[in-house]
Chemist: 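Below are the structure tokens for one structure; questions will follow.
Letters A, B, ... are given to chains in the order of the sequence lines, protein chains preceding strands, and every chain is numbered from 1. Because the structure is a prediction, the values reported are computed rather than measured.
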Number of protein chains: 2
Amino acid sequence: MSVSIRDVAREAGVSVGTVSNALNDPDRVAPGTLQRIAETIERLGFVRNDAARQLRAGRSKAVGLIVLDGANPFFAELALGAERRADEFGLSVLVANADEDPQRERILLNLFEEQRVFGVLISPLVVDVETLRKLRDRGTPVVLVDLTSEDKSFSSVSVDDFAGGKFVVQHMVDRGCRKIAFVGGPLIRNQVAERLSGARAAAESADLELTVVETLGMTVDEGRAIGEKLVKMPKDQRPDAVFAANDLLALGIMQAVILDGQLSIPGDLAIVGYDDIPFASTAIVPLSTVRQSPALIGSTAIELLYSEAQNESDAIRQLVIQPELVIRESSLR
Amino acid sequence: MSVSIRDVAREAGVSVGTVSNALNDPDRVAPGTLQRIAETIERLGFVRNDAARQLRAGRSKAVGLIVLDGANPFFAELALGAERRADEFGLSVLVANADEDPQRERILLNLFEEQRVFGVLISPLVVDVETLRKLRDRGTPVVLVDLTSEDKSFSSVSVDDFAGGKFVVQHMVDRGCRKIAFVGGPLIRNQVAERLSGARAAAESADLELTVVETLGMTVDEGRAIGEKLVKMPKDQRPDAVFAANDLLALGIMQAVILDGQLSIPGDLAIVGYDDIPFASTAIVPLSTVRQSPALIGSTAIELLYSEAQNESDAIRQLVIQPELVIRESSLR
DNA sequence: ATTCAAAGTTGAAACGATTCAATTAGGCAC
DNA sequence: GTGCCTAATTGAATCGTTTCAACTTTGAAT
């Protein structure tokens, strides 16, 4: 059915080895031969079979990237950063969406291992160190993204979520907010827990209490539900500032509040999100948020993965990027 | 290095054929043997090598999806729809981002062919029928998404962009707009051209002229640039309604106009977008737009691809989905 | 004329799973 | 005990590429 390198060799009157050389190391092949082979390939419509190449090579040139939530632009940017850097190493990136489901995460991990990917970048729900360690012991390097590994045995690129959370609440306090609520979850997600810890630290040093609303996920829909509850609260219980653990959540809350029409943002309620997705600045009220440089996380992760694959001596490293508070209208009062 | 099926066979005291059967057709293998093989696999940490499987099988179980712009949530939803449906056929979906670059599109197409994917879903910049036909002749089924094939030789799932464009301008006319501008591009992109044709038709039947502003791409940044020019126009030249060919563009325009502060939306300027991305409803002024059901496009495309791969008699079909006008505040005046 | 190196070329041996015709074993009936 | 059927198992051949040691040719140096 399909045209193989053998067919090309026969038609061009050379051996298979020569065709292979023509494709992979043209300098080894005489110009005339090269030309003849090129024409034959064109004429027969030969296309390399990657499965055979990979089988021979042992490992693929593709990196598997497993993201938590494919619908979050934060991960789209992270993926883009990874792709650009991977290009420079001659690698490609396969993006897979775990859709916040730990089981799907496991299936994808297995899929990537069966494909003998060059390595895996993963931002897991909860780090299942055991599974990841086994994977690595069998020869697939792993780098954690957007998350630190507690036990320092894996490379990781993360953002200092504690600092981010602290910045947000400090800013709210500076602006005169007294009743601050943190919204996000689930709290077993490391990033969320860290942001909360940072927020708590800032609240404590200002002698304020922090209300915590734990959510199941962090989507626009979930935010809308929270927002609808919020506007129904009596004035003395209602917070005057909401720190949402990501922008999707913040936008949802904002939408519900504005739709209701009773409260003004930021007058009655300040809102700050997290991630600085492109749509934060185009929101009903431009959203204050914490910028994480997802593209930088992605590109750095590829670099770490590459070092680890090369067995460099200091290959295992935990990098922490400092986040940046972006103040827009939603918290300016 | 890596554990192969041969190692498992030796350790378990059976032949390679039996191990293979245990994995692929357990009913053929005696329960005791099955158990022993399972234990050996666990003990040795054996993981199937997908490259070898594929080489033997000839084709992979993965569908390649090439999207125009990975940053557009419209395509994220389309991909999700495709993934869900593919699951049911036992297929998986590889998403690749052409990033609006025809050359990258070509490279990705070749990459997918080298991987002998089950089939390709593509939303090309401009259909290069010749390339796609060759690809198909060599055995890779192709389905066009979000675009019709003019010559009916390819299956496609598209949205009736002409109708969508018509709806938008009709709605603007109904609301009393007299000077309507169409913003989008490049016009060689079929979808954009169709939306414009529909808009023109509606404008003509209302005896209005349509101003056309052709853009190079359709991102938020591009929209902002247009918006900044718009607010500087003298009142008698300025349009009273803008139809942007996608939501990103519309959101960018809206942001620039609001930031400038001179014009009110929709009072002075009505804006309508296209796609109904999740952020259209959370915008500064909730954005009127045209809903396309991207998930439906994705899932339907997978179905068409599957039929074509099965060589079903009526496999080549062009499906056209009707879009729906979603009216929000940005065009209500 | 002889020697030697460099440049091209060859073809068989992997890589690891699947397939399938052939073989063996086990059970049952007579 | 013999024959027969089914169930289980075997192992060589295959997929298409890359690799590499071995071989041939060419041309320059002596």
Side-chain angles (χ1 to χ4, degrees), chain A residues 1-38 40-41 44-61 90 110-111 113-118 138-140, chain B residues 1-38 40-41 44-62 110-111 113-118 138-140:
Chain A
M1 172 79 221
S2 169
V3 182
S4 85
I5 213 177
R6 213 160 242 108
D7 302 319
V8 174
R10 187 175 359 86
E11 285 288 314
V14 293
S15 74
V16 289
T18 302
V19 178
S20 179
N21 283 336
L23 290 167
N24 300 306
D25 192 358
D27 290 347
R28 302 234 129 147
V29 181
T33 315
L34 209 54
Q35 170 91 24
R36 196 149 30 92
I37 291 175
T40 312
I41 286 177
L44 300 187
F46 164 77
V47 176
R48 262 155 133 141
N49 184 324
D50 194 54
R53 297 189 79 189
Q54 237 178 249
L55 173 58
R56 187 69 239 262
R59 278 226 160 256
S60 111
K61 285 289 190 187
N110 188 253
L111 219 67
E113 190 175 8
E114 290 189 352
Q115 292 186 44
R116 300 293 190 272
V117 291
F118 182 88
R138 286 190 296 258
T140 305
Chain B
M1 171 82 221
S2 166
V3 181
S4 85
I5 211 176
R6 216 158 242 108
D7 303 320
V8 174
R10 185 171 6 81
E11 285 288 314
V14 293
S15 75
V16 289
T18 302
V19 178
S20 179
N21 284 335
L23 290 166
N24 300 305
D25 193 357
D27 290 347
R28 305 232 126 149
V29 181
T33 315
L34 209 54
Q35 169 92 20
R36 197 149 30 94
I37 291 174
T40 312
I41 286 177
L44 301 186
F46 164 77
V47 176
R48 264 152 126 137
N49 185 322
D50 194 53
R53 297 188 78 189
Q54 238 179 248
L55 174 57
R56 189 70 236 269
R59 282 226 159 255
S60 109
K61 285 289 190 187
N110 188 253
L111 219 68
E113 190 176 9
E114 289 189 352
Q115 292 188 43
R116 301 290 191 274
V117 291
F118 183 86
R138 286 191 295 261
T140 305

Chemist: Kindly give the heavy-atom pair with the smallest separation between A:Ser2 and B:Arg116, and that separation in Å.
Modeler: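 Result for this residue pair: OG-NH2, 3.5 Å.
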
Chemist: Using a cutoff of under 3.5 Å, can you pull out all pairs of nitrogen or oxygen atoms linking the protein to nucleotides 20-24 of chain C, with atom names and distances?
Modeler:
none

Chemist: Is there a donor-acceptor pair closer than 3.5 Å between any side-chain N or O of A:Arg48 and the backbone N or O of B:Glu114?
Modeler: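 No.
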
Chemist: Near DNA chain D, under 4.0 Å by heavy atom, which residues of residues 25-35 of chain A?
Modeler: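 Contacts with DNA chain D under 4.0 Å: none.
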
Chemist: Can you pull out the residues from residues 47-58 of chain A that lie within a 4.0 Å heavy-atom distance of DNA chain C?
Modeler: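 Contacting residues: A:Leu55, A:Arg56.
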
Chemist: Which angle, rounded to 10°, do you find between the first-five-pair axis and the last-five-pair axis of the helix from C:dA1-D:dT30 to C:dC30-D:dG1?
Modeler: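 Taking five pairs per end, the axes differ by 50°.
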
Chemist: Just the endpoints, please: which first and last nucleotides of DNA chain D, 5' to 3', lie under 4.0 Å from a heavy atom of chain A?
Modeler: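 In short, chain A contacts DNA chain D from D:dG16 to D:dT19.
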
Chemist: Looking at residues at least two apart in the chain, or sitting in another chain, which of them share a salt bridge (Lys or Arg N to Asp or Glu O under 4.0 Å) with A:Arg28?
Modeler: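 Partners of A:Arg28 under the salt bridge (Lys or Arg N to Asp or Glu O under 4.0 Å) test: A:Asp25.
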
Chemist: Applying salt bridge (Lys or Arg N to Asp or Glu O under 4.0 Å), can you list everything that pairs with A:Arg56, at least two apart in sequence or on another chain?
Modeler: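 Partners of A:Arg56 by the salt bridge (Lys or Arg N to Asp or Glu O under 4.0 Å) criterion come out as none, since no residue qualifies.
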
Chemist: Check side-chain contact (heavy atoms from CB on, under 4.5 Å) between B:Val29 and all other residues, then give those that pass, not counting sequence neighbours.
Modeler: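 So B:Val29 forms a side-chain contact (heavy atoms from CB on, under 4.5 Å) with B:Thr18, B:Asn21, B:Ala22, B:Thr33, B:Leu34.
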
Chemist: Just call it for A:Val14: base, sugar-phosphate, or nothing, with non-hydrogen atoms closer than 4.0 Å on any strand.
Modeler: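 Sugar-phosphate contact only.
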
Chemist: So do the side chains of B:Asn49 and B:Ser4 get within less than 4.5 Å of each other, counting heavy atoms only?
Modeler: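 In short, these two side chains do not touch, never coming nearer than 4.5 Å.
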
Chemist: Once side-chain contact (heavy atoms from CB on, under 4.5 Å) is applied, do any residues pair with B:Val8, and if so which ones, sequence neighbours excluded?
Modeler: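 Counting only residues at least two positions away or on another chain, B:Val8 forms a side-chain contact (heavy atoms from CB on, under 4.5 Å) with B:Val3, B:Val19, B:Ile37, B:Thr40, B:Ile41, B:Leu44, B:Phe46.
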
Chemist: Restricting to side-chain contact (heavy atoms from CB on, under 4.5 Å), what partner residues turn up for B:Gln54, sequence neighbours left out?
Modeler: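 Only A:Ala51, B:Asp50, B:Ser60 meet the side-chain contact (heavy atoms from CB on, under 4.5 Å) criterion with B:Gln54.
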
Chemist: Just checking B:Ser4: base, sugar-phosphate only, or nothing, at a heavy-atom cut-off of under 4.0 Å?
Modeler: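 Sugar-phosphate, no base atom in range.
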
Chemist: How would you list, by chain and number, every residue that makes a side-chain contact (heavy atoms from CB on, under 4.5 Å) with A:Gln35, sequence neighbours excluded?
Modeler: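 Only A:Glu39 meet the side-chain contact (heavy atoms from CB on, under 4.5 Å) criterion with A:Gln35.
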
Chemist: Salt bridge (Lys or Arg N to Asp or Glu O under 4.0 Å) with B:Arg59: which residues, sequence neighbours excluded?
Modeler: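 By the salt bridge (Lys or Arg N to Asp or Glu O under 4.0 Å) rule, B:Arg59 matches no residue at all.
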
